[in-house]
Trainee: 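Below is a structure I'd like to ask you about.
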Amino acid sequence: MSIHAKPLSSSFGVEIIGLDPRNLDAEGKEAVKLLFDNHHFLLFRNAGVDEDQHLNIVKAIGPISGGDALMKDGKQFTYISNVHTDGRLPNGELFYHSDHMFLAKPLKGISLYSIEAPRQGGETRFFNAAAAYQGLPASLKERIKDLSARHVYDYSVNRGDKRPDAEHLSDNADTYIHPLVWHHPESGTPLLFLSRLFTTDIIGLDKKESDELLDQLLDYVDSRGDDYVHKWEAGDLIIWDNLHLQHARNDFPAGERRALRRVPIALAA
Ligand SMILES: [Fe+2]
């Protein structure tokens, strides 16, 4: 059977049909890498990948990112889960973001494999940060072209639906400043790089100006309406470019079980 890539949205994302993610040879890995580079988001339904098979397909895209405190005993994955005792982010809404945008080198990509899916809610939403940049009105493109923004993760607050308070950060907050128009470190594609979850302020502007410009840009992102919303089914395997796309999570009812195996992908050194 030949490989078929079925589009999921107008500007990114495909469902891959005809390629078994459990059994990838060198040619299959090359195909996965090419599809990822072209579409930035891959979905395999009924993937049935065990831990080793999951890691194997992710390595077609890039090296596994280490250094996660929950990756104990040589594990190269974690759980986003309210089922596993060591699960992270067990419940609640998560605003749009790219993982680790508050570090010098955010993740290149993320893969999630659905072990248990909620019957209602808990969808993961995605938007195309490259298309968002291209679609900006010319005046806004000009306004932000030389500006940078600060991104923060405050480990003491740890809320997915609240922007960090830049004036009251705890001692263990990570912060990093990136250009508002950041070029993807591997592809060079310009990206609109700010998020409601992590971005606190724009460097060189006073608080009022910074808040107004951030609100204008974030409202623009929310108004675009070209998101892809993934309704999870058990067995779904997705891999996406964490920089080209941003992701968010819808809330889901207490009592629903939701468990995903997460493998993080690092940027090339
Ligand atoms: Fe995330």
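Remember, it's 1-based here, ligands and their atoms both numbered in the order they're listed. What you see is a predicted model; the values in this text were computed from it and never measured.
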Trainee: Quick one: side chains of residues 242-249, donor-acceptor pairs under 3.5 Å with protein atoms, not counting sequence neighbours, listed by atom name and distance.
Mentor:
{"residue": "N242", "atom": "OD1", "partner": "D99", "partner atom": "N", "Å": "2.8"}
{"residue": "N242", "atom": "ND2", "partner": "D99", "partner atom": "O", "Å": "2.9"}
{"residue": "N242", "atom": "ND2", "partner": "L107", "partner atom": "O", "Å": "2.9"}
{"residue": "H244", "atom": "NE2", "partner": "H40", "partner atom": "NE2", "Å": "3.4"}
{"residue": "Q246", "atom": "OE1", "partner": "H97", "partner atom": "N", "Å": "3.4"}
{"residue": "Q246", "atom": "NE2", "partner": "L194", "partner atom": "O", "Å": "3.0"}
{"residue": "H247", "atom": "ND1", "partner": "H97", "partner atom": "O", "Å": "3.3"}
{"residue": "H247", "atom": "NE2", "partner": "H97", "partner atom": "NE2", "Å": "3.0"}
{"residue": "H247", "atom": "NE2", "partner": "D99", "partner atom": "OD1", "Å": "2.9"}
{"residue": "R249", "atom": "NE", "partner": "G92", "partner atom": "O", "Å": "2.8"}
{"residue": "R249", "atom": "NH1", "partner": "L89", "partner atom": "O", "Å": "2.9"}
{"residue": "R249", "atom": "NH2", "partner": "L89", "partner atom": "O", "Å": "3.3"}
{"residue": "R249", "atom": "NH2", "partner": "N91", "partner atom": "O", "Å": "2.9"}
{"residue": "R249", "atom": "NH2", "partner": "G92", "partner atom": "O", "Å": "3.0"}

Trainee: Return yes if a side-chain donor-acceptor contact under 3.5 Å exists between S10 and D226, otherwise no.
Mentor: no

Trainee: Strictly under 2.8 Å of the Fe ion (ligand 1): which protein N/O/S atoms qualify?
Mentor: H97 NE2, D99 OD1, H247 NE2

Trainee: Do S195 and H151 get their side chains close enough for a donor-acceptor pair, meaning under 3.5 Å?
Mentor: no

Trainee: Which residue is it: L267, D241, D37? I am looking for the one with a side chain to side chain contact (heavy atoms under 4.5 Å, CB included) to E186.
Mentor: L267

Trainee: Are any side-chain N or O atoms of S210 and backbone N or O atoms of I202, one a donor and one an acceptor, separated by less than 3.5 Å?
Mentor: yes

Trainee: Under the criterion side chain to side chain contact (heavy atoms under 4.5 Å, CB included), which of E51, K59, H54 is the partner of Q76?
Mentor: K59

